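Below is one structure, written out as structure tokens, with a few remarks after it.
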Amino acid sequence: MATADKKILVLGVGNILLKDEGVGVHSLKELESYNLPSNVRLHDGWVAGIDLLEVIQEADKLIVIDAVDAQAEPGAIFRFAPHQVETMVKKHNTSLHQIDLFETLKIAKFLDKCPETVVIGIQPKLIDWGLELTPEIRAVLPRVAEIVCQEIEMS
Amino acid sequence: MAQKIVVDPITRIEGHLAIEVEVEGGVVKDAKCKGTLFRGLEIICQGKDPRDAAVLTSRSCGVCPAEHAHASVQQLDMAFGAEVPDNGRIIRNLVAGSNFIASHILHFYHLTALDYLDIMAIAQYNGADPALLKVRDKVVALVKAGDTAPFTPRYNPDQFSVADPTVVTTAVHHYIQALEMRKKAQEMLAIFGGKMPHHVTYVAGGVTIQPTPDRIAAFRSRLLELIDFINNVYLKDVLYFGTGPLKPLHDMKVGAGCGNFLSYGNFDLGKSGDFNNRFLKAGAIFNGDLTKVNPLDPDKIHEEVKYSWYENTTTGKHPYEGETKPDAKKEGAYSWLKAPRYDGKPMEVGPLARQLVTQEKGFMDLVNKLGAWPSAVARHAARAWECKLIAEAMLKWVGELKPGEPVCNEKPVPEKGRGMGLVEAARGALGHFGVIENYKIRNYQMVVPTTWNCSPADDEGVKGPVEQALIGAPVPDPENPINLVRIVRSFDPCVACAVHLIHPDTNEIKKFRVV
């Protein structure tokens, strides 16, 4: 598929009230200053779970940006596909209320409408009350944006 | 010897709500409901422009943000002395109603139905319905591939689980349809809310969006489809399960609760914010006495903190004077939720409370027919019935919009004032209380539905509604405490404002490092 025909969705998720937990959302702001191709859509997913189903289904390729806890040093960046971290969904980890993003992707798959998905994860430094990222995490945003741009080019 | 079971469901990294019960002889003897997250939005609001409260507090939750904004603008209406014009009032009702419909459909089909179904029965379906055959083949393919998500992991089926292949396959088919239907409800919300979640059109005095003929038409066409789905699929499914396979659970009163019910009422019919003139009524019922619905008196609301991680000096206050002073190391405390009380009593809130307070004839006929109220199953019935009532009423309200007429009565921020916004979120009574001084928010308190339902014990040691609903529940197999989740989920709990971080158990992510 030619790049220009492919609908690419960049989904920033996280809670911006909790400092570095919101790094996925902050990354989108960084990406807004880039001259992205017209087939790329930036979407602020916040902490929505199943509400993202319709948005996800419309894409051919999905790039999720989120905080990940890989017990690495703050600002470390990871790239993986959801099925590579299946430990997430093998337990009874269904919340009493919310359907999380991974489960939403599973539902999309069941509906035969799940895009190829890659997660760009950033190790947070501090998760605590506050709207600002820590300086260390803010400093990696250009690198995150660059990686997302590479991901878009490769798509 | 009592056995302790902890059900600690997690979303991503942090648990929201943990249930700890002691089981003796297959029955729950004691229960604790633990809110495991501190919310703290009250503190964030302090010192801000009062108009920011609606935006900030709607971020409490991505499931019911519309209702946080609704409660927040109603407290502003009162504090600003703004009378909302009819268009503004109706648009708020339509946004709220859309949120109720989306939330109720989601709750039944996607959050709780699987607790009542033996999903593997689908493989035995041998009927001829093409849609059901398609569902069967898909599920069988998932099983063969060793990946049964999104239907597992769940608790194991028990003797109450529905295992008829046609019924289960039909239910999963409806699960898929329901995804599309709740999308339409979300779109309806966005037509007048601008977007969903965290819609953007609510302001003190009304709304910022005009009811144009094209918006009205777009809203109406989706609503008609939803009414069809609610009446012919959702309500029928709930009544079928409730009066058939799940009747024994209902008759055993599994998940009965405290017997006290509180509703603030919702969907203003006259003056905005007047809880005595609402489509769903305001009132309180004590000790299960449905013959006496007491009028709502907001002065009777207060919160206690003996078993919550807040400083003891803050206990027993009305939310206007309420304080949020965390004390994370407090001895004996076990929850971040405070214990709200009405007239000193724990109160169940939510669809069942609203329906028992409203006493609409169709619903009361159902109450009389089924008997043995309340129960976990009864909450699902109340939710579905309410969904029908609201959707049909919305069709009338959308016809009352007047394009070209005012939507808002704008007022300046007062130097001083206070207001309360008492509304109903899908999952129960929601109150926002704001105090303004020197044009800024001096104090802000939110008393949310799940704090009512999932409240810990109060200063007198009286347990909260969910805790009371769990005590006495049958748990024949402590390894598979399915009744506990059925009971807790029937309250549609939501302890949002969650940390939202991908966190696998292992360090596998390190393999995927890119820099």
Side-chain angles (χ1 to χ4, degrees), chain A residues 13-18 21-22 24 46-51 53-54 64 66-72 75-81 83-104 106-107 109-112 119-121 123-124 127 129 140 143 147, chain B residues 7 9-13 15-17 19 40-41 43-44 59 61-63 102 106-107 110-111 138-139 142 147 149-151 153-155 176 179 182-183 186-187 196-198 450 485 488-489 492-515:
Chain A
V13 294
N15 186 341
I16 67 157
L17 300 177
L18 293 165
E21 217 284 313
W46 288 79
V47 291
I50 197 171
D51 280 313
L53 181 64
E54 294 80 37
V64 177
D66 198 358
V68 300
D69 186 1
Q71 284 97 51
I77 304 174
F78 301 86
R79 179 191 184 279
F80 54 94
H83 70 266
Q84 289 173 297
V85 286
E86 287 287 359
T87 45
M88 277 299 296
V89 289
K90 282 188 177 150
K91 301 179 299 180
H92 287 304
N93 69 353
T94 311
S95 157
L96 283 171
H97 195 83
Q98 181 69 286
I99 291 177
D100 69 22
L101 182 61
F102 280 157
E103 192 171 358
T104 303
K106 295 284 185 188
I107 294 171
K109 193 177 151 204
F110 185 71
L111 299 174
D112 298 323
V119 181
I120 305 297
Q123 175 74 44
I127 292 182
W129 294 109
V140 300
R143 180 76 185 116
I147 289 166
Chain B
V7 182
I10 52 169
T11 299
R12 303 283 169 91
I13 188 170
H16 295 173
L17 182 70
I19 310 298
L41 272 164
I43 298 169
I44 292 173
R59 297 280 169 172
C61 179
V63 182
L106 172 83
H107 182 259
H110 310 119
L111 296 178
K138 277 191 152 185
V139 173
L142 287 178
D147 179 9
F151 303 115
R154 302 279 168 179
Y155 289 89
I176 296 166
L179 287 169
R182 70 172 291 281
K183 173 188 164 192
Q186 301 285 62
E187 286 170 356
M196 170 67 200
H198 311 302
T450 300
V485 253
V488 179
R489 281 193 177 128
D492 195 6
C494 182
V495 193
C497 187
V499 175
H500 201 268
L501 183 75
I502 295 173
H503 181 268
D505 272 354
T506 66
N507 278 344
E508 280 176 88
I509 279 184
K510 292 208 170 192
K511 288 190 283 188
F512 313 121
R513 190 163 175 160
V514 291
V515 282

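Just so we're on the same page: letters track the sequence lines, and every chain starts at 1. Since the model is a prediction, treat every value here as computed from it, not as a measurement.
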Q. Is it the backbone or the side chain of Leu179(B) that comes under 4.5 Å from a heavy atom of chain A, or both, or neither?
A. both
Q. Rounded to the nearest 0.5 Å, how far does CG of Leu53(A) lie from CD of Gln186(B)?
A. 11.0 Å
Q: Measure the NZ-CG distance between Lys109(A) and Leu142(B) for me, rounded to the nearest 0.5 Å.
A: 6.5 Å
Q: Measure the shortest side-chain to side-chain distance between Ile50(A) and Arg182(B) over non-hydrogen atoms and say whether it is less than 4.5 angstrom.
A: yes
(Q) Need one label for Leu111(A): side chain, backbone, both or neither, based on atoms under 4.5 Å from any heavy atom in chain B. (A) both
